[in-house]
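Below is one structure, written out as structure tokens, with a few remarks after it.
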Amino acid sequence: MRKSVDEQFEIIKLGAVEIVPEDELKRKLAKSERENRPLRIKLGIDPTAPDIHLGFAVPLRKMRQLQDLGHEVVLIVGDFTASIGDPSGKSETRPMLSAEQIRANAETFTAQFWIILDRSKTTLTFNGDWLGKMTFGDVVTETSRVTVARILERDDFQKRLAEERPIGLHELMYPIAQALDSVEVRADVEIGGTDQKFNILMGRDLQESHGQEAQVGLFMPLLPGLDGVQKMSKSLGNYIGITESPKDMFGKAMSIPDEVMPAYFELAAGMQATEVETIVRGIESGQIHPMDAKKRLASEITRIYHGEEAAQSAREEFERVFSQREIPTEMPEVSIPSDQFRDGRIWIVRLLTAAEMAKSNGEARRLVEQGGVTIDGERISDVNAEMEIRDGQILRAGKLRFARLRISG
RNA sequence: GGUGGGAUUCCCGAGUGGCCAAAGGGAGCAGACUGUAAAUCUGUUGCGGAACGCUUCGGAGGUUCGAAUCCUCCUCCCACCA
């Protein structure tokens, strides 16, 4: 049975930072119920990198909630806008991606949507379909609706101006392009991270000047990246991809700083605020060990994307390798060509580069000198060591990199 | 179009003829410690089987015994004026 307007509103509001404006959303919900017409919920994503990460999963999961409430989800893959590059939070112009790159990314992307969203209730669109067909005249008409001062209000642009960094003219077009998407799909609500505020509000302006009802902006919090400081983003590489292996997902989650745990519990694990509160208090009072809390968090995240069993074994594996300092159950095998050997021995530095554990001899030397290299648990500290290797021995560099050695050729 | 400022290693940024493979910070990597791939502390971060050598400071030339540093041209960026 359909939920009441107030119930829906409360569900939608859950976890959101801001709804602009709230009463308009209520009105839209009421109208939707009256007319028995689902709201059109828009979410855009630019395929600038091949993976969807936990940060983007936040608005996606919100989309899913709306879907479950019976609303219509319109996903816009920004194949066109990706070529501009969203200036949001960027202090630099983004390199424009090639068409092939974008297409390739879009493909892996769309496949990943259905991990979270219900495919049967989703409209998938590509904004190149309309933005790419506009004539220069169309563009001039649209840009005439917006003033330069209005665009330059954006804090990213302000900051760049203040820092005397370049701003490409095309970048000023980005908010307009995104806003035109809203016009095109006649969005009732657009979901985005708080960094999308400007773009989404621009959508409201343009819709109105096109004689449409303005969309409501639904802003979700940004998930901090693995560094705990910057937002999780593809370009910063501080992310957990939703298709990563259980082991990596768990491990990466364990590597976040303690301070951002609450944010992860709420945003990445989808835990209720009150429940998070209980954990935070438990940690503060010393009743819950921070590490246990983090293991729980990592398990929960892994479970969402890989299921209970995988989460459990990822946890066991983690404890085996890091808490008990044992070797992992699985590790890559590397084959070392036998022509690398001289008199049955191989120089340790060569072994490391051959196993691709170091990019250069210098790096390999450093690893050895710093005591990070072991073979079958035995530390190798002599840079000049000539090793006699047996098939199946385990080479380890640092805490994380393991390989089983195979001699080939 | 005019005037002035700028481009340095993964990023930021110091360096204005040799003491510069280039300070400092960030980030990464390693070690110690532990509570985890948290935090903290220490070390380390161009390439080469490395005593020594080789390639790097937007690009191309040039001056000099010697250039990131000086000169010429070029490319790109910023500010102000128009």
Side-chain angles (χ1 to χ4, degrees), chain A residues 90-95 157-169 171 224-230 233 235-240 244-265 279-280 282-284 286-299 301-302 314-326 328 340-342 345-354 356-374 379-387 395-402:
Chain A
K90 292 284 176 309
S91 51
E92 268 171 65
T93 306
R94 234 195 237 181
F157 291 144
Q158 286 297 329
K159 209 182 288 168
R160 279 210 243 165
L161 283 174
E163 287 168 6
E164 307 190 346
R165 289 174 180 283
I167 301 173
L169 187 55
E171 291 181 273
L226 299 177
D227 50 49
V229 182
Q230 294 181 279
S233 98
S235 42
L236 293 171
N238 59 356
Y239 70 91
I240 303 178
E244 288 191 60
S245 71
K247 172 174 151 276
D248 283 343
M249 214 176 236
F250 193 98
K252 281 187 177 182
M254 289 303 285
S255 80
I256 62 167
D258 287 1
E259 305 85 74
V260 293
M261 264 203 280
Y264 270 71
F265 266 118
I279 294 173
V280 171
I283 292 172
E284 277 166 4
Q287 285 185 314
I288 301 176
H289 196 289
M291 185 178 69
D292 289 331
K294 204 179 283 180
K295 279 182 183 169
R296 184 176 162 191
L297 170 67
S299 300
I301 292 173
T302 311
R315 178 175 182 144
E316 281 162 14
E317 181 79 359
F318 185 88
E319 285 167 350
R320 177 165 40 244
V321 177
F322 297 104
S323 308
Q324 282 148 49
R325 297 182 184 259
E326 286 174 18
Q340 296 282 343
F341 290 79
R342 251 203 345 246
R345 288 167 179 270
I346 182 169
W347 183 33
I348 184 65
V349 168
R350 173 138 299 145
L351 180 64
L352 284 162
T353 49
E356 291 182 340
M357 284 185 170
K359 285 193 284 291
S360 65
N361 286 8
E363 197 177 313
R365 272 168 191 276
R366 222 174 296 128
L367 276 168
V368 175
E369 279 163 5
Q370 293 179 144
V373 177
T374 60
R379 178 162 295 175
I380 313 298
S381 48
D382 178 10
V383 185
N384 297 311
E386 299 283 343
M387 307 307 300
L395 176 67
R396 176 178 194 170
K399 289 193 187 73
L400 301 166
R401 283 167 290 166
F402 294 85

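Lettering follows sequence order; numbering is per chain, from 1. Note that these values count all heavy atoms, side chains included, but never hydrogens, waters or copies made by symmetry.
Under the Watson-Crick or G-U wobble criterion, with both distances below 3.5 Å, A51(B) is left unpaired in every strand shown. Here A38(B) sits opposite no nucleotide as a Watson-Crick or G-U wobble pair (both hydrogen-bonding atom distances under 3.5 Å). Across all strands shown, A67(B) forms no Watson-Crick or G-U wobble pair with both key distances under 3.5 Å. Across all strands shown, G43(B) forms a Watson-Crick or G-U wobble pair with C29(B), both key distances being under 3.5 Å. For A7(B), the paired base is U75(B) (Watson-Crick or G-U wobble, both distances below 3.5 Å). C19(B) is unpaired under the criterion used here, namely a Watson-Crick or G-U wobble arrangement in which both key atom distances are under 3.5 Å. The pairing partner recorded for G1(B) is C81(B), the criterion being a Watson-Crick or G-U wobble arrangement whose two distances lie under 3.5 angstrom.
Atom P of C33(B) sits at a distance of 31 Å from the matching atom of A51(B), rounded to the whole Å. The C1' atoms of A67(B) and C76(B) are separated by 23 Å, rounded to the nearest whole Å. Spacing between A39(B) and C29(B) at atom P, rounded to whole Å, works out to 12 Å. Between the P atoms of G13(B) and G26(B), the separation comes to 15 Å (whole Å). A distance of about 26 Å separates the P atoms of C57(B) and U44(B), rounded to the whole Å. Rounded to the nearest Å, the gap between the P atom of A60(B) and that of U16(B) is 24 Å. Across G15(B) and A21(B), the matching C1' atoms stand 14 Å from one another, rounded to whole Å. Only the P atoms considered, U64(B) is 16 Å distant from U69(B), to the nearest whole Å.
Between the CZ atom of Arg366(A) and the C1' atom of G48(B) there is a distance of 13 Å, given to the nearest Å. One interatomic measurement links the two molecules: CD of Glu363(A) to C1' of U9(B), which rounds to 16 Å at whole-angstrom precision. When rounded to the nearest whole Å, the span between CE of Met357(A) and P of A30(B) equals 11 Å. As a whole-Å value, the separation of Lys359(A) NZ from G46(B) P is 12 Å. If you measure from atom CG of Leu367(A) to atom C1' of G43(B), you get 13 Å, rounded to the nearest angstrom. Look at CG on Leu352(A): it is 13 Å from P on G48(B), rounded to the nearest Å. Atom pair His289(A):NE2 and U36(B):C1' shows a separation of 10 Å (rounding to whole Å applied). Atom CZ in Arg350(A) sits roughly 13 Å away from atom C1' in A50(B) (whole-Å rounding).
Here NZ of Lys359(A) is found 12.5 Å from OG1 of Thr353(A). Values are rounded to the nearest 0.5 Å. Separating the CD atom in Glu326(A) from the CD atom in Glu319(A) is a distance of 11.5 Å, to the nearest 0.5 Å.
Heavy-atom neighbours of Gln324(A) CD from other residues, nucleotides or ligands within 6.0 Å: above the threshold of 12. When the shell of 6.0 Å around CD of Gln158(A) is examined, it contains more than 12 heavy atoms from other residues, nucleotides or ligands.
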For a side-chain contact (heavy atoms from CB on, under 4.5 Å) check, start with the C-alpha distance between Lys247(A) and Val321(A), then their side-chain angles and the critical distance, and finish with the verdict. CA-CA 11 Å; Lys247(A) 172 174 151 276; Val321(A) 177; over 6 Å; no
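Annotation for Asp258(A) and Lys294(A): closest pair OD1-NZ, 2.8 Å, computed over non-hydrogen atoms. Of all heavy-atom pairs between Val368(A) and Leu352(A), the closest is CG2-CD1, 3.7 Å.
OP1 or OP2 of A30(B) has at least one side-chain nitrogen or oxygen of Arg401(A) nearer than 4.0 Å.
Take the nearest nucleotide of RNA chain B for Ser360(A) and for Gly398(A): the residue whose nucleotide is more 5' is Gly398(A). Residue whose closest nucleotide on RNA chain B sits further toward the 5' end, between Met291(A) and Val229(A): Val229(A).
Residues Glu369(A) and Arg366(A) are not paired through a salt bridge, judged by the lack of any N-O separation under 4.0 Å between the basic side chain and the carboxylate.
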When you compare the protein's N or O atoms with those of nucleotides 37-40 of chain B, which come within less than 3.5 Å of each other, and at what distance?
unit_1 : atom_1 : unit_2    : atom_2 : d
A37(B) : O2'    : Met254(A) : O      : 3.4
A37(B) : O2'    : Ser255(A) : N      : 3.2
A38(B) : O4'    : Lys294(A) : NZ     : 3.1
A38(B) : O2'    : Asp258(A) : N      : 3.2

Check the interface with nucleotides 75-82 of chain B: list each N/O to N/O pair with the protein under 3.5 Å, or write none.
unit_1 : atom_1 : unit_2    : atom_2 : d
C78(B) : O2'    : Glu164(A) : OE1    : 3.2

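In terms of modelled atom types and a separation under 3.5 Å, the side chain of Arg320(A) and the main chain of Pro328(A) share no donor-acceptor contact. At least one donor-acceptor pair under 3.5 Å links the side chain of Trp347(A) to the backbone N or O of Val383(A). The backbone N or O of Ala298(A) sits nowhere less than 3.5 Å from a side-chain atom of Tyr264(A) that would complete a donor-acceptor pair.
Residues meeting the ring-ring contact (aromatic ring centres under 6.0 Å, His included) test with Phe250(A), sequence neighbours left out: Phe318(A).
Among the heavy atoms of the strands lying under 4.0 Å from Gly371(A) are primed sugar atoms or P, OP1, OP2 only; no base atom is included. Contact annotation for Gln230(A): no contact, since no heavy-atom pair falls under 4.0 Å across all strands.
Applying the 3.5 Å distance criterion, the base of G31(B) shares no donor-acceptor pair with the side chain of Gln370(A).
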